[in-house]
Amino acid sequence: MTPAPDPRLRFDETFAGLEEIPRAFLRGDTAEAARGLIGAWIAHRHGGRWYGARIVETEAYLGRDDPAAHSCGGRRTPRVEPMYRDGGHLYVYLVYGMHHCANVVTRTEGVAEAVLLRAAEGPAGTPEKLLSGPGRLCRALGITTAASGMDLLAGGKVRLARGPDRPRTIRVTPRIGVAYAGEAARWPLRFFDAHSRAVSGPARLNRA
DNA sequence: CACATGATCGCCT
DNA sequence: GGCGATCATGTGG
């Protein structure tokens with residue numbers, strides 16, 4: 001059993017009301033997918049109820065030729081295996097021995113690229129920091145490595161869908177926490193909703 | 001707000 | 001054996 005999501009994230013609508021994300025979109029360009037997932041919903045069914053949040057910050061990881069990606073150089077181990085699946089799958093890993101990070105796999109079978117979900121926002125009234133940061137997002141939704149490898153577009157317990165509203169302004173910066181990746185640390189692959197207060201990272205980086 | 005530090009363990013070499 | 005796609009807490013300005 002996966003850990004319980006934060007009760008404040010309960011939402012009683014079902015995914016019937018939300019638009020499906022076409023798998024073809026997630027099979028395409030990974031940076032475009034990262035941009036396009038701002039405003040989408042990530043949800044987890046637990047104990048017979050749905051818990052969900054609106055994605056407000058993402059990062060693209062470009063696979064074989066990206067020194068910051070776990071699949072860099074074609075590295076293929078049991079942990080990273082989900083990254084090699086078809087677009088629309090979930091890749092979850094553990095960092096620093098205590099935090100989980102959730103990724104939406106992109107491109108096609110055998111091409112290991114993904115979008116890291118860095119932050120989301122809950123319903124009005126929930127604390128801004130509840131899902132602000134990849135570790136907090138996973139903790140608040142109860143997502144762990146137990147869910148790694150799932151298909152997010154197949155009606156399972158963890159799902160992805162288009163949200164009702166499009167973000168008004170999306171800003172782009174370098175990725176966070178990848179200083180070890182040399183020049184790739186400066187690639188503009190982090191996307192966030194400029195109007196959300198749930199975005200993570202240093203304020204300096206988030207200003208226009 | 002900026003910066004420093006400790007926690008903690010699975011994964012890879 | 002070393003090291004993170006991080007977070008919470010502490011200090012000081």
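What you see is a predicted model, and the numbers here were worked out from it, not measured in a lab. What's counted below: heavy atoms across the whole structure, side chains too, no hydrogens, waters or symmetry copies.
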In short, side chain to side chain donor-acceptor pair (under 3.5 Å) pairs touching residues 179-192 of chain A with sequence neighbours left out are A:Glu57-A:Arg190, A:Thr173-A:Arg190, A:Arg190-A:Asn206
Using a cutoff of under 3.5 Å, can you pull out all pairs of nitrogen or oxygen atoms linking the protein to nucleotides 10-12 of chain C, with atom names and distances?
none

Between the protein and nucleotides 6-9 of chain B, which nitrogen or oxygen pairs are less than 3.5 angstrom apart?
unit_1 : atom_1 : unit_2  : atom_2 : d
B:dT8  : O2     : A:Tyr96 : O      : 2.6

Taking [atom1] from [X] and [atom2] from [N], how many angstroms apart are they, rounded to a whole number?
X        : N      : atom1 : atom2 : answer
A:His70  : B:dC11 : NE2   : P     : 11 Å
A:Leu62  : C:dA5  : CG    : C1'   : 13 Å
A:Leu130 : C:dA8  : CG    : C1'   : 15 Å
A:Arg190 : C:dT6  : CZ    : C1'   : 14 Å
A:Arg204 : B:dC3  : CZ    : C1'   : 10 Å
A:Lys129 : C:dA8  : NZ    : P     : 7 Å

>> Which residues in residues 77-89 of chain A have a heavy atom closer than 4.0 Å to any atom of DNA chain C?
In response: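 Those residues: none at all.
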Exercise. Which residues within residues 176-187 of chain A lie with some heavy atom under 4.0 Å of an atom in DNA chain C?
Worked result: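 Within residues 176-187 of chain A, the residues near DNA chain C are A:Gly177, A:Val178, A:Tyr180.
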Return the [atom1] to [atom2] distance between [X] and [Y], rounded to the nearest 0.5 Å.
X        : Y        : atom1 : atom2 : value
A:Tyr91  : A:Ser148 : OH    : OG    : 7.0 Å
A:Arg27  : A:Thr108 : CZ    : OG1   : 7.5 Å
A:Leu152 : A:His89  : CG    : NE2   : 8.5 Å

Do side-chain atoms of [X] reach the backbone of [Y] as a donor and acceptor pair under 3.5 angstrom?
X        : Y        : answer
A:Asn103 : A:Val105 : no
A:His100 : A:Cys138 : no
A:Ser71  : A:Ala112 : yes

Just checking, is any N or O donor in the side chain of A:Ser200 or A:Arg118 under 3.5 Å from an acceptor N or O on the other one?
->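 There is such a pair between these side chains.
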Legend entry - Centroid under 5.5 Å and tilt under 30°, A:Tyr93 to C:dA5: no
Counting any heavy atom closer than 4.0 Å, what does [X] reach on the DNA or RNA strands: base, sugar-phosphate only, or nothing?
X        : result
A:Ala203 : sugar-phosphate
A:Arg76  : nothing
A:Arg175 : nothing

Review point. In chain order, what residues pass the side chain to side chain contact (heavy atoms under 4.5 Å, CB included) check against A:Ala179, with sequence neighbours excluded?
Key: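 None.
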Hits for side chain to side chain contact (heavy atoms under 4.5 Å, CB included) against A:Arg75, two or more places apart or cross-chain, chain-then-number order -> A:His70, A:Thr77, A:Arg79
Query raised in the report: Stems in DNA chain C: runs of 3 or more consecutive Watson-Crick or G-U pairs, distances under 3.5 Å?
Result: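 Consecutive-pair runs (3 or more) involving DNA chain C: B:1-7 with C:6-12, B:9-12 with C:1-4.
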* Asked: Taking atom CZ of A:Arg49 as the centre, does the number of heavy atoms from other residues, nucleotides or ligands within less than 6.0 Å exceed 12?
  -> no
Does A:Arg171, at its CZ atom, have more than 12 non-hydrogen atoms belonging to other residues, nucleotides or ligands within less than 6.0 Å?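 Yes, because the 6.0 Å sphere around CZ of A:Arg171 holds more than 12 heavy atoms from other groups.
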Query raised in the report: Would you say B:dC1 has OP1 or OP2 under 4.0 Å from some side-chain N or O of A:Arg207?
Result: no
Sorted by chain and residue number, the side-chain hydrogen bond (donor to acceptor under 3.5 Å, both in side chains) partners of A:Asp193 (sequence neighbours excluded) come out as A:Arg54
Quick note, salt bridge (Lys or Arg N to Asp or Glu O under 4.0 Å) partners involving residues 129-154 of chain A, not counting sequence neighbours, are A:Arg23-A:Asp151
Validate the cation-pi geometry between A:Arg162 and A:Phe25: distance from NZ or CZ to the six-membered ring centre under 6.0 Å, angle to the ring axis within 45°. yes
*asked:* My understanding is that only residues two or more places apart in sequence, or in another chain, count here; which of them pass salt bridge (Lys or Arg N to Asp or Glu O under 4.0 Å) with A:Arg76?
replied: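 So A:Arg76 forms a salt bridge (Lys or Arg N to Asp or Glu O under 4.0 Å) with A:Glu81.
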From B:dA2, C:dA8, C:dA5, nucleotide with atom closest to A:Arg118 side chain =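 Closest nucleotide among those given: C:dA5.
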By nearest-heavy-atom nucleotide on DNA chain C, the more 5' of A:Ser71 and A:Arg136 is A:Ser71
Which atom pairs, one a donor and one an acceptor, fall under 3.5 Å between side chains of residues 29-42 of chain A and the rest of the protein, sequence neighbours left out?
unit_1  : atom_1 : unit_2   : atom_2 : d
A:Asp29 : OD2    : A:Ala31  : N      : 3.1
A:Asp29 : OD2    : A:Glu32  : N      : 2.9
A:Thr30 : OG1    : A:Thr106 : OG1    : 2.7
A:Thr30 : OG1    : A:Glu113 : OE1    : 2.6

